[in-house]
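Numbering starts at 1 and runs along the sequence shown.
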Amino acid sequence: MSDQDDELYSFEDDAKDASSKETEDTGVIPWKILMVDDSPEVHQVTRFVLRSMHFLGRPVEFISGYSAMEGRQLILEHPDAAVILLDVVMETDSAGLDMVKFIREDAGNRLIRIILRTGQPGQAPEAEVIQRYDINDYKNKAELSDDRLHTSVILALRSYERLHNEFIKRQASERTIEYLAYYDVWTGLPNRTLLLDRISQVVQSAVRHNWNAAVLYIDLDQFKRINDSLGHEIGDLLLKTVAERLRILVRGEDTVAHVSGDEFAILLPNLKDPEHSARVAEKALAAIQQPYQIEGQELHITASIGISVCPNDGSEGLTLIRNADTAMYQSKASGRNTYSFFKPEMTARALENLRVSNDLRRAIARNEFVLHYQPQVDLQTGRIVGAEALIRWQHPEWGLVFPGKFIGVAEETGLIQPMGEWVLREACRQNKAWQTAGLPPIDMAVNLSARQFDCGRIERVTTEALAETGLEAHHLELEVTESMIMQNVDQAIAVMKMLKTIGVKLSIDDFGTGYSSLNYLKRFPLDKLKIDQTFVRDIGIDEDDASIVTAIIGLAKSLKLKVIAEGVEKEMQLNFLRDGGCDEMQGYYFSKPIPAADFEALVRKSLVT
């Protein structure tokens, strides 16, 4: 080793010792700067110029490589390096540029900032190469003064810091969305999707080992009364406490899930005796009916539980849940605060559904359905820019019936398809009628059911509805749910692309309650995401919900999608959404769903004021 080499390596050791000591003293993580150059003198000079400088408040750790081979190894060993100072020409004419390709393509490192240096004129990479491989800077060593080197590194570190922060934010957003895939945010319990997945696994194991498994379906009795009298905030706290009580009374292998609203489920795998599920039901009833102290108030509530047992009551998740749900209604009919095992003869609810089904068939023939319209408002201008069409049933005996009473039956019987097609045609007709009457054009949002989406004729039905009514396609927005399009992603993408060729807009309804992999979400030809009202409702009350809303807005913006929030009821929610970059809103703060004539009057009034 030469005297010069002795001096060089002694200098490097001193620099490393100083960097390590400073990190230990301050706790500040240093920037990692890689230098790959076959000239030891270049390493020495560069370290001398930069050694005493702090970049953006942090010290610098230099790591050297003297060939392209060593450089490749450094890239793999230090994926957190911020900057690489890279010689364009080393062993071969293209060594440096080959290294650039390795960094971006083979190593897949999109964050590290690349500063190319050369000692030979005319070696500058072409502009296309600089853009393709995101090269931060190019410098000629002979012209590179101390100040210019310092400035180049500072700019590179600032660029790295910005990209790294954006990367961290994207990771956080993705983790948030992934969490929403399988867990209920408020209670922290597995949601319906995860419950079905676990039931599927348990059923396979039960069949293989000749065991039993049970599903307990739990509905809180008269929970709506608490919500209506004390408010949703108290109701939500009550749900959270119920979840905690249920969680502590089961085995580690059991699953407690929050299915929806005030409904919970418990999955009990590996049961030698199905009667064990009855003992769990008794414990659950006892735990739920203990008094609750919430916000200074003592609350009392009971529950009704239905039990289905695998394999006798079904060997598939949805069947077991449905049969447990049926048994739960039997418990309610028996006076509540009790449990019932499913029996095939439980037909009370089936008979009710049969009557609803028969009346629905007549309703379609007798044109008993009407549409109400909820305004969608631009958060910046306050203008009505759209409407969501919502079906109502004008029943001759029951009066105006809301969808919760009949949509489930319509889906089970297949009547949802002709009903949905009627909604589509009527919504298009009404929107065109408003335009003809002189109202400014707006977008009409129509929900698609899973049957409509999967039937293979939605493109033709949509085309016919637009042709019959004369509505321009870009004024129609079709809403689909996450669960609908994630059942068969490739098929969903194909259907959505066909709809986009017509010219209609597409949005995901109730975004955040299901799960769309970000990789898939980028493939869907969407125009808008709609934030579910369950997250909007607790803005200003629950920091997690506010963070989720912010994450969804950020996700939508990164995908260049518009975002609309539903269920806006308070000015504080509206201000949060507007300040956060949300584009549109709908909710009772502005208007509930109203008949067509009232909607027209509301638009005309807004034009005057």
Side-chain angles (χ1 to χ4, degrees), residues 177-209 211-220 239 242-243 246-247 250-271 274 277 280-281 284 305-329 341-342 349 407-409 411-412 416 449-451 453-454 480-492 508-517 520 532 534:
I177 300 302
E178 286 177 348
Y179 180 81
L180 297 176
Y182 298 112
Y183 290 90
D184 172 67
V185 176
W186 180 245
T187 64
L189 294 177
N191 61 15
R192 182 183 179 89
T193 300
L194 183 53
L195 174 66
L196 285 169
D197 181 69
R198 291 186 177 175
I199 290 176
S200 177
Q201 297 178 35
V202 165
V203 166
Q204 294 177 24
S205 178
V207 172
R208 186 165 56 250
H209 298 288
W211 290 336
N212 294 113
V215 174
L216 280 63
Y217 203 93
I218 305 169
D219 184 89
L220 302 183
L239 289 176
V242 170
L246 292 176
R247 193 182 348 232
V250 300
R251 304 169 297 176
E253 61 189 296
D254 301 333
T255 296
V256 179
H258 185 205
V259 181
S260 66
D262 60 345
E263 296 177 337
F264 297 84
I266 299 177
L267 171 62
L268 304 173
N270 307 335
L271 298 180
S277 60
V280 175
I305 301 178
I307 306 172
S308 63
V309 178
C310 168
N312 291 342
D313 300 331
S315 56
E316 190 267 334
L318 288 174
T319 301
L320 288 168
I321 290 177
R322 182 168 58 246
N323 289 342
D325 185 31
T326 299
M328 180 271 294
Y329 275 94
F341 281 92
F342 172 77
R349 192 178 181 207
I407 288 295
V409 176
E411 290 175 341
E412 292 176 4
I416 192 70
S449 69
R451 281 182 178 265
F453 194 73
D454 295 333
V480 297
T481 64
E482 291 179 86
S483 58
M484 185 191 305
I485 59 178
M486 293 304 295
Q487 291 294 322
N488 187 328
V489 172
D490 291 334
Q491 179 183 347
I508 291 187
D509 190 20
D510 300 337
F511 187 79
T513 58
Y515 175 62
S516 293
S517 163
Y520 286 131
D532 185 66
T534 56

Novice: Atom CD1 of I508 and atom OG1 of T481: how far apart are they, to the nearest 0.5 Å?
Specialist: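 Between atom CD1 of I508 and atom OG1 of T481 there are 8.5 Å.
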
Novice: Using the ring-ring contact (aromatic ring centres under 6.0 Å, His included) definition, which of the options Y183, F264, Y182, W186 pairs with H258?
Specialist: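 Only match with H258 under ring-ring contact (aromatic ring centres under 6.0 Å, His included): F264.
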
Novice: Ring pair (Phe, Tyr, Trp, His ring centres under 6.0 Å) with F453: which residues, sequence neighbours excluded?
Specialist: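 F453 satisfies ring pair (Phe, Tyr, Trp, His ring centres under 6.0 Å) with no other residue.
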
Novice: Look only at the side chain of R251 and the backbone of P269, and say whether a donor-acceptor pair between them is shorter than 3.5 Å.
Specialist: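 It does hold such a pair.
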
Novice: So, for L195 and I321, which heavy atoms are closest and what is the spacing to 0.1 Å?
Specialist: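 So the minimum-distance heavy-atom pair works out to CD2-CD1, 3.9 Å.
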
Novice: Answer yes or no: is there a donor N or O on one side and an acceptor on the other, between the side chain of N191 and the main chain of L194, under 3.5 Å?
Specialist: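 At least one qualifying donor-acceptor pair exists.
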
Novice: Can you give me the closest heavy-atom contact between R247 and V256, atom names plus distance?
Specialist: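 Nearest pair, atom of R247 first, then V256: CA-CG2, 4.2 Å.
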
Novice: Between atom CG of D325 and atom CZ of F342, what is the distance when rounded to the nearest 0.5 Å?
Specialist: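 Rounded to the nearest 0.5 Å, the CG-CZ separation comes to 11.0 Å.
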
Novice: When the side chains of residues 211-219 are checked against the rest of the protein, which donor-acceptor pairs come out under 3.5 Å, sequence neighbours left out?
Specialist:
residue : atom : partner : partner atom : Å
N212    : ND2  : C310    : O            : 3.2
Y217    : OH   : E263    : OE1          : 2.7
D219    : OD2  : K332    : NZ           : 2.8

Novice: Mind checking the CG-OG1 spacing from D184 to T187? Nearest 0.5 Å is all I need.
Specialist: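 OG1 of T187 is found 3.5 Å from CG of D184.
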
Novice: Hey, could you give me the CD1/OG distance between I416 and S449, rounded to the nearest 0.5 Å?
Specialist: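 These two atoms lie 5.0 Å from each other.
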
Novice: If I compare all heavy atoms of S308 with all of L320, which pair ends up nearest, and what's the gap?
Specialist: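 Shortest heavy-atom contact: OG-O, 2.7 Å.
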
Novice: List the atom pairs, donor and acceptor, that lie under 3.5 Å between side-chain atoms in residues 196-207 and the rest of the protein, sequence neighbours left out.
Specialist:
residue : atom : partner : partner atom : Å
D197    : OD2  : Q201    : NE2          : 2.9
R198    : NH1  : T255    : OG1          : 3.1

